[in-house]
Participant: 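So that we are looking at the same thing, I have put the structure below in structure tokens.
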There are 4 protein chains.
Amino acid sequence: MTEKKAKRQLLLDAAAEIFARKGYHATRVSEIAERAGVAKGTVYEYFRTKEELFYALLDSWLTQFEHELSEQLTGVADPLQQADIVREAAVMFYCRHAAHAPIFLEFWAHALRSIDSRFLERIRRFRQFLLDLGCRLTGELVARGVFLPVDIPSVVYLEAGISDGIFLLWVLSGRNFPLERAYVFRQSVLGLGLLSDAARKQLQGKLRQKLQDGFLSEP
Amino acid sequence: MTEKKAKRQLLLDAAAEIFARKGYHATRVSEIAERAGVAKGTVYEYFRTKEELFYALLDSWLTQFEHELSEQLTGVADPLQQADIVREAAVMFYCRHAAHAPIFLEFWAHALRSIDSRFLERIRRFRQFLLDLGCRLTGELVARGVFLPVDIPSVVYLEAGISDGIFLLWVLSGRNFPLERAYVFRQSVLGLGLLSDAARKQLQGKLRQKLQDGFLSEP
Amino acid sequence: MTEKKAKRQLLLDAAAEIFARKGYHATRVSEIAERAGVAKGTVYEYFRTKEELFYALLDSWLTQFEHELSEQLTGVADPLQQADIVREAAVMFYCRHAAHAPIFLEFWAHALRSIDSRFLERIRRFRQFLLDLGCRLTGELVARGVFLPVDIPSVVYLEAGISDGIFLLWVLSGRNFPLERAYVFRQSVLGLGLLSDAARKQLQGKLRQKLQDGFLSEP
Amino acid sequence: MTEKKAKRQLLLDAAAEIFARKGYHATRVSEIAERAGVAKGTVYEYFRTKEELFYALLDSWLTQFEHELSEQLTGVADPLQQADIVREAAVMFYCRHAAHAPIFLEFWAHALRSIDSRFLERIRRFRQFLLDLGCRLTGELVARGVFLPVDIPSVVYLEAGISDGIFLLWVLSGRNFPLERAYVFRQSVLGLGLLSDAARKQLQGKLRQKLQDGFLSEP
DNA sequence: CATGAATGAGAGTTCATTCAT
DNA sequence: AATGAATGAACTCTCATTCAT
């Protein structure tokens, strides 16, 4: 039972490694098998098709992230603190999968073309999960007067877009800057833009400093 | 001569249409030929391989954008006005290629895996073009005291990431919001975050209104 | 011991069912195992290969028929009565295996191509068994003056061919007529053709009526 | 145009040869290609799948037979003469395809199992063609008082069954007797059984001689 | 005896590319 | 320059068979 799961995971790990290095289409099922130390046929004992294996990888990553984030948020009430947790979780997630980063681009590209709609659905479900969370947090910050009165969904959408954009930037630029600092930087810019006058007064100094520091140079 | 160029363009247009609808790998060279109204073999008179055709498409789009933007900026001195031109050019570019949007994801994914490094190099050259432009503009705005003193490259990097991120958001969400308004919204948030106290005072009202409006609902 | 035989029979029955429905090549060994309620590997405890299982099925059916017919003929002296018994046994055999009918076509086809010559040999042995029987019966009928003087082997060959032909007709036409009546009809036609003048006079009325009735309409 | 048809025929001939020798399933597409002197891929320029090639073979044979028989019957009025033409055409057809004989068994077996219903439909259409013809001929013979009053469809069905049965016999026995003589023998037996008293008187002598001669020994 | 996970040879099929016309 | 028939390497996936447990 548990051994079956372990071997499944082994295959997923092997697949991640090869997919990341060669891309979905250039990856041969036989390579994945070889990497996992099993025969080609064995892959098909665990996944019906190559595409299913690809999907299983996407699903396992997103599910794991959703679970971990949910857990970490349990018991935390303060929305600002929650926002930090979300950011950290995202960064941690991306960093853990740093070597697999290019796969995400392929998940996205694949989602837009495959007849298999599960990819797009799964990604949208994940995004919805984050958007819901973001709306809750942002809504509370607006309600408490920390943020200016804004159109909450728009802000949350924008934030989501920015997150992916930074990730894209990071991947395409050859991962030549620390992802975490970029996310902090983003938070500072957005913060300065969205904070109410009162909140701004309090945080201004720290945030402006961060803007001056940037995220490209070594700290 | 010019007829040769015209047919080349015909093939590029056909390729764009099919690549967008089916994706690079699912597209057959024969389909492109059929769509362009020529025989399969003719494609190879104009492009050595399928990948070269794909690259030519990327290159033609980016080159066109670079040319157009350079032209439009010629003779405009005011950096704020220039920033508007850049934003408008980007939106126009994306909108013109709205139907081809998914191809960009594939360009990016392809750039990260193909043995053919031209893809990555070409994309980086394009980004560098935009980053240089952004640094010049932002630098001037900082110099003039419109923007706070910030680490200019970081801000420009961030803006670039945000642009792509919004585009990604737009594509993955099924293009269900107006791209232009999202870019304006982005500008407002960043503006409020980056403007110096003096500049902020002047523009605050208009920008805050935009934050309240958002970009998701019909105007 | 006997349990071993019982499970072997269980597997043969399962195989017959699946082979009949899907055909030899489209049948998976795992399906047979599943149908028999055992594990895939167990099949190989009883039959060395899939083809051997197929052969065992053929053999079991033909052997059973040979045994049954031999038993039923024991103690019956009258050749006309014996002919009836043979015909009835054949019909009973075919009807019992009505659901498996298409398998016979595959046995025949298989016999003509398999490297494994046992199929062809077994089928020929079976045919020889019937031909010998037929020659004995027909010979006696000729000797007694019931039949015209004919080349006995040719008649018996023809009868055998007709039997298989009717069966083939029955299978390919979707089994849309009663097999038994077709065999009776055949007997009448052949009878009228082969009977001596004396015998014909006696049976003519009954046989001609049967020709008028045919075997396609409901009686 | 015509060259395309010629190559198609080349492939059909090659396929017939290999299918006949090895059977449908044991035949590799590459073998057919090799035999036809083309590359494997070329086969797929002419036939979408292996099964389609198999079907095309069946169709080409049956269609050819239908055409030839129709032509030969044109202008012949006498039903007895027509019956002879049909018999001769069938024998000629079988003899021309003697080397491919085992394929017919596979066509039949395939028709009963393939999801592709075209096989069964095509075979049934062919049989219907022959049955219609047979009914017309037999009907006329009955009307003219040559045959006894009989249930015409039953007789024709039986004759069709007998034809296939003799063919089966011939194939399974290793084609060790002359097919034509067997068909003549069959005709004699059936004739003696079906002829009216008047007609019988006339033909009796010749037919009985044929029964004595049989078809197994050399003439 | 029974199991069923693992195997891996081998199948049909695809399609970018070539090249004689 | 344009064609499209021909190519054949390379792919994914199947499934009869094995064998450690």
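Note that the coordinates shown come from a computational prediction; the quantities given were computed from them, not determined experimentally. Here is how names work: the chains are called A, B, and so on, in the same order as the sequence lines, proteins then strands, and each is numbered from 1.
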Participant: Looking only at side-chain N and O atoms, does A:R28 come under 4.0 Å of OP1 or OP2 in F:dC11?
Facilitator: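 For F:dC11, OP1 or OP2 has a side-chain N or O of A:R28 closer than 4.0 Å.
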Participant: I need the OH-C1' distance between C:Y24 and F:dC15, as an integer number of Å.
Facilitator: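 Computing the C:Y24:OH to F:dC15:C1' distance gives 12 Å.
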Participant: Output the rounded distance in Å from CD1 (B:I18) to P (E:dA16).
Facilitator: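 Going from CD1 in B:I18 over to P in E:dA16 covers 12 Å.
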Participant: If you measure from CD on D:Q64 to NE2 on D:H97, what distance do you get to the nearest 0.5 Å?
Facilitator: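 The CD atom of D:Q64 sits 5.5 Å away from the NE2 atom of D:H97.
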Participant: Grab the CD-C1' distance between A:E51 and F:dC11 for me, whole Å please.
Facilitator: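 For the pair A:E51 CD and F:dC11 C1', the rounded distance is 15 Å.
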Participant: Mind calculating the distance between CD (B:E34) and P (E:dA16) to the nearest angstrom?
Facilitator: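 Distance, rounded to whole Å: 13 Å.
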Participant: For C:E52 and F:dT18, what is the distance between atoms CD and P respectively, to the nearest whole Å?
Facilitator: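 That distance rounds to 12 Å.
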Participant: My understanding is that a pair needs two contacts under 3.5 Å, Watson-Crick or G-U wobble. By that rule, which nucleotide pairs with E:dA16?
Facilitator: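 E:dA16 is paired, partner F:dT7.
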Participant: For B:V43 and A:G41, find the nucleotide of DNA chain F closest to each by heavy atoms; which residue's nucleotide sits nearer the 5' end?
Facilitator: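 Its nearest nucleotide being more 5', the pick is B:V43.
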Participant: Which whole-number value in Å describes the distance from C:L53 CG to F:dC15 C1'?
Facilitator: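 Value for this atom pair: 15 Å.
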Participant: Can you see whether B:Y46 has B:R8 sitting over its ring - NZ or CZ less than 6.0 Å from the centre and within 45° of the normal?
Facilitator: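 Here B:R8 fails the 6.0 Å and 45° test against B:Y46.
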Participant: Using a heavy-atom cut-off of 4.0 Å across all strands, would you classify B:F47 as base, sugar-phosphate, or nothing?
Facilitator: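 No contact at all - B:F47 keeps every heavy atom at 4.0 Å or more from the nucleic acid.
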Participant: For A:T49, which contact category applies under a 4.0 Å heavy-atom criterion: base, sugar-phosphate, or nothing?
Facilitator: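 Sugar-phosphate contact only - A:T49 comes under 4.0 Å of backbone atoms but never of a base.
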Participant: Side-chain N or O of D:Y46 versus OP1/OP2 of F:dA6: is the shortest distance under 4.0 Å?
Facilitator: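 Yes.
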Participant: Across all strands, who's sitting opposite E:dG10 as a Watson-Crick or G-U wobble pair, both distances under 3.5 Å?
Facilitator: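 E:dG10 is paired with F:dC13.
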Participant: Rounding to a whole Å, what distance do you find between A:E45:CD and E:dA5:P?
Facilitator: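 For the pair A:E45 CD and E:dA5 P, the rounded distance is 7 Å.
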Participant: Both C:H25 and D:A39 contact DNA chain F. Which one's nearest nucleotide lies toward the 5' end?
Facilitator: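 Mapping each residue to its closest nucleotide by heavy atoms, the 5'-most match is D:A39.
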Participant: Using atom NZ of C:K50 as one end and atom P of F:dC15 as the other, report the distance to the nearest whole Å.
Facilitator: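 So the NZ-P distance, C:K50 to F:dC15, works out to 8 Å.
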Participant: Under 6.0 Å from the ring centre and within 45 degrees of the ring axis: does the NZ or CZ of C:K50 meet both conditions for the six-membered ring of C:Y44?
Facilitator: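 C:K50 over C:Y44 ring: no.
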Participant: Tell me the partner of F:dT21, counting only Watson-Crick (N1-N3 plus N6-O4 or O6-N4) or G-U wobble (N1-O2 and O6-N3) with both under 3.5 Å; none if nothing fits.
Facilitator: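 Across any shown strand, F:dT21 pairs with E:dA2.
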Participant: OP1 or OP2 of F:dA5 versus the side-chain N and O atoms of D:K4: is any pair under 4.0 Å?
Facilitator: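 So the side chain of D:K4 is within the cut-off, an N or O lying under 4.0 Å from OP1 or OP2 of F:dA5.
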Participant: So for D:K40 and E:dT13, does any side-chain atom that can act as donor or acceptor lie under 3.5 Å from a complementary atom in the base?
Facilitator: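 Between E:dT13 and D:K40, which were checked side chain against base, a qualifying N/O pair under 3.5 Å is present.
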Participant: So which nucleotide from F:dT17, F:dA6, F:dA2 ends up closest to the side chain of B:K7?
Facilitator: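 Nearest nucleotide to the side chain: F:dA2.
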Participant: Would a distance-only check, ignoring hydrogens and angles, find a side-chain to backbone donor-acceptor pair under 3.5 Å from A:E31 to A:R28?
Facilitator: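 Yes, because the side chain of A:E31 sits within donor-acceptor range (under 3.5 Å) of the backbone of A:R28.
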Participant: Applying side-chain contact (heavy atoms from CB on, under 4.5 Å) to A:F54 and A:T27, what does each step give before you reach the verdict?
Facilitator: CA-CA 11 Å; A:F54 197 47; A:T27 293; over 6 Å; no
